[in-house]
Protein chains: 2
Amino acid sequence: MSENKKYNIEVRIWIEETSGPFLGIGKVWLLENIQKNGSITNAAKEMKMAYRQAWQLVEEMNQRAESPLVEKLLGGKGGGGAKLTEAGERAIAVFYEVEKRIKDFALKETQNLKL
Amino acid sequence: MSENKKYNIEVRIWIEETSGPFLGIGKVWLLENIQKNGSITNAAKEMKMAYRQAWQLVEEMNQRAESPLVEKLLGGKGGGGAKLTEAGERAIAVFYEVEKRIKDFALKETQNLKL
DNA sequence: AACCAGTATTCATTTTAAAACATATTGCTT
DNA sequence: AAGCAATATGTTTTAAAATGAATACTGGTT
């Protein structure tokens, strides 16, 4: 009887809009950290990501979304900040939900993977 | 009535072995081109990919597979060449099959995507 | 034994992407 | 009006990855 190697099916999903990628796991993590920290600056810090990069991702998301996912506050108390809109919170939930469904399905496929 | 944006779920799958990624769409294309051209050199040319890169991908595949997917012929008539083993042909088929199943499932999820 | 075309391998070069740095701007607070 | 902390944006550095060029090797064929 032969020792069969173990193979796993890995899946990466993202949501795309006509003008390009809209939301993948990277942006979702960023959204979660913005929600947690109240600013792009601190979210980026916690993720050890450059502020510039984080800011650009937020721009992309907001532009491709039907309505912005992140509300940015410029100046004012504490210099400003950023927080998720309802659409932003919904986007996180929807992404994880869809991701889970597809990954569960992929896992079932892994069982009867015949290589 | 509001104009709803169109969002698609994109899916990328690959097969992984304990020591790392085993087979994704890039390697599958390479396999197909090796099959078609009879050598890594010409396969790489057709894909406008560096020979070095193609050769390394073949190495990875072969090492992570239970048995090699590509049989390489060194020297001899025509300098040698490369051709798929049965395992190689099977790998292509299996990959596309699994990919199709998962993408079909993802497409269904796209229908009732509520963003 | 010289030839040939493809495999095998190293090294320098180029390209690309990410990170780091530097400023300007904003608007509440003091 | 000066201070503050965050957004906004341009520029420069650095690091990583892909490419290209060069060279040795292989083993049938002529």
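Below, chain A is the first sequence line, B the second, and so on; all start at residue 1.
Contacts between residues 35-47 of chain B and DNA chain C, defined by a heavy-atom separation under 4.0 Å, are made by B:Ser39, B:Ile40, B:Thr41, B:Asn42. Residues from residues 23-31 of chain B lying near DNA chain C, meaning a heavy-atom separation below 4.0 Å, are absent.
Put simply, the side chain of B:Met49 reaches to within 4.5 Å of the side chain of B:Leu57, judged on heavy atoms. In this structure the side chain of B:Arg12 reaches within 4.5 angstrom of the side chain of A:Trp14, judged on heavy atoms.
With hydrogens and angles ignored, the 3.5 Å screen pairs no side-chain donor or acceptor of A:Asn8 with any backbone N or O of A:Thr110. A donor-acceptor pair under 3.5 Å is formed between the side chain of B:Thr85 and the backbone N or O of B:Leu69.
Computed from C1' positions of five pairs at each end, the angle between the two local axes of the helix from C:dA1-D:dT30 to C:dT30-D:dA1 equals 20°, rounded to 10 degrees.
Here A:Glu10 pairs with nothing under the salt bridge (Lys or Arg N to Asp or Glu O under 4.0 Å) rule; sequence neighbours left out.
A salt bridge does not link A:Lys36 with A:Glu32: every distance from a Lys NZ or Arg NE/NH1/NH2 to an Asp or Glu carboxylate oxygen is 4.0 Å or more. Look at A:Lys100 and A:Asp104 and you find a salt bridge, because one of the NZ, NE, NH1 or NH2 atoms lies within 4.0 Å of a carboxylate O, short of that distance.
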(request) Go along nucleotides 24-30 of chain C 5' to 3' and tag each nucleotide: B for a protein heavy atom under 4.0 Å from its base, S when only backbone or sugar atoms are that close, - otherwise. (result) --BBS--

(message) How would you summarise protein contacts on nucleotides 13-22 of chain C per nucleotide, using B for base, S for sugar-phosphate only and - for none, with heavy-atom distances below 4.0 Å?
(response) -------B--

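When every heavy atom of B:Ala106 is checked against every heavy atom of A:Ile102, the shortest pair comes out as CB-CD1, 3.8 Å. Across all their heavy atoms, B:Lys5 and A:Glu66 have their closest contact at N-OE1, 3.4 Å.
Put simply, A:Trp55 has a side-chain N or O that comes within less than 4.0 Å of OP1 or OP2 on D:dA8.
Applying the 6.0 Å contact sphere to CD of A:Gln111 captures more than 12 heavy atoms from other residues, nucleotides or ligands.
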